[in-house]
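A short write-up of the structure that comes next.
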Amino acid sequence: MATQLDYYEILEVTRTVSADELKKSYRKLAMKYHPDRNPGDEQAEAKFKEINQAYDVLKDEQKRAAYDRFGHAAFEGGGGGPGGFDFNGFGGGGLGDIFEQMFGDMMGGRRGGRARTGNDIQTHVTITLEEAFSGVKKDVKVITRVACESCHGTGSNDGAAGVDVCPSCHGAGKVRAQQGFFVVERPCPTCHGSGKTVKDPCKSCHGAGTVEKERTVGVQIPAGIEDGTRIRLSGEGEAGQGVPAGDLYVQISVSEHSIFQRDGANVYCRVPLRMGQAALGTEIEVPVIDGNRAKVKIPAGTQTGEHFRLRGKGFSVLRSSARGDMYIQVTVETPQHLNKRQRELLEEFEKEAGENVKGSPEHSGFFARVRDFFENKS
Ligand SMILES: [Zn+2]
Ligand SMILES: [Zn+2]
């Protein structure tokens, strides 16, 4: 699969297609290219596979969301056996944590089913739209429990030798108790769930093996990240007593921008035009999210709300060199606070405009409808 067609194109639907319509289109195409109907036709067979692959992703809300955000990159490294996708195949590899976080639940929890770890930590970072565009490294401060240095995390003054298996729970950390008809499990009251007892507890951590500490963690935020994405930093959470540290989750917020609005990989920018510029046509210079400027030709007779596309001047697509587009939406402004000369010119212009019916495309149609409206009333 060197080049891949867009999944929406494969299924001949738009990006905003509803689940029902998607299914309908899929069925129609699957029927058309089904191998039973096209015996020996290799092209039809390939097409059939492609359709199924695309539908496998788009029919699933989570996968579709990932595809919308990251494109095919979201699924690279998968097994891709016949009939579609091995969704478990992407572990390790380039996609990393964001992806794992998105699909962790779906795939039945954590990688490797770790038995116990220290607690996970959640934190939050706000970045600017420019930083989201270029990617940025942010230092986040987290208050976390780390292994106690005095006792090397054992909780004991005598080091590991002073730690015994808890006699009450035999190291399980949990005890069972009868409660009415039920047997319930609760944390062991002797060892508070650690499964161990310490004869001579460490003074710094009172036997816990961990102490609270503020830590600074460098978070590499990739270019193209979207508002609300969570990044997981494996092992950067709280230290556990004798178990691996938990994870750190960093929620990324992208603050609003004074010029640009973002939608996926596309960037929108509203630009005001003077009435004369719009009527006569002009060339304007607009800012681009990458810090450069671009020139846009505005043709004569441009109306409010018209869009101009600047291909490839949009947002970077996550973990890819591709870029979305930038759309300039123009608003034609009515001049205010006219000086004497402007007023004279416009008054003259108005006289002329009344005779030039083609000059105002909406105008003549609208007043024709108004005439009809009153004629039908009488
Ligand atoms: Zn200690
Ligand atoms: Zn115990």
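In each ligand, atom 1 is the first atom listed, and ligand 1 is the first ligand listed.
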| said: With 2.8 Å as the threshold, which protein atoms of type N, O or S lie near the Zn ion (ligand 2)? Leave waters out. | reply: Cys166 SG, Cys169 SG, Cys188 SG, Cys191 SG
| said: For the residue pair Arg323 and Phe315, would you count it as a cation-pi contact if the rule is NZ or CZ under 6.0 angstrom from the ring centre and within 45 degrees of the ring axis? | reply: no
| field | Asp227 side-chain N/O to Val254 backbone N/O, donor-acceptor pair under 3.5 Å | value | yes
| request: To the nearest 10 degrees, could you say what angle the Zn ion (ligand 1) makes with SG of Cys148 and SG of Cys151? | output: 100°
| query | Looking just at side-chain N and O atoms, do Thr14 and Thr16 make a donor-acceptor pair shorter than 3.5 Å? | reply | yes
| field | Closest heavy-atom pair and its distance - Arg64, Tyr8 | value | NE-OH, 3.0 Å
| message | With a cut-off of 2.8 Å, does His152 put an N/O/S atom close enough to the Zn ion (ligand 1)? | response | no
| request: Indicate the ring-plane relationship of Tyr26 and Tyr55, choosing parallel, tilted or perpendicular according to the 30° and 60° boundaries. | output: parallel
| query | Rounded to 10 degrees, what angle sits at the Zn ion (ligand 1) between Cys202 SG and Cys205 SG? | reply | 110°
| Between the side chains of Thr128 and His257, is a donor N or O closer than 3.5 angstrom to an acceptor N or O? | no
| query | For His34, does its backbone N or O pair with a side-chain atom of Asn38 as donor and acceptor, under 3.5 Å? | reply | yes
| Any N/O/S atom of His206 sitting less than 2.8 Å from the Zn ion (ligand 1), backbone or side chain? | no
| field | Ser25 side-chain N/O to Leu22 backbone N/O, donor-acceptor pair under 3.5 Å | value | no
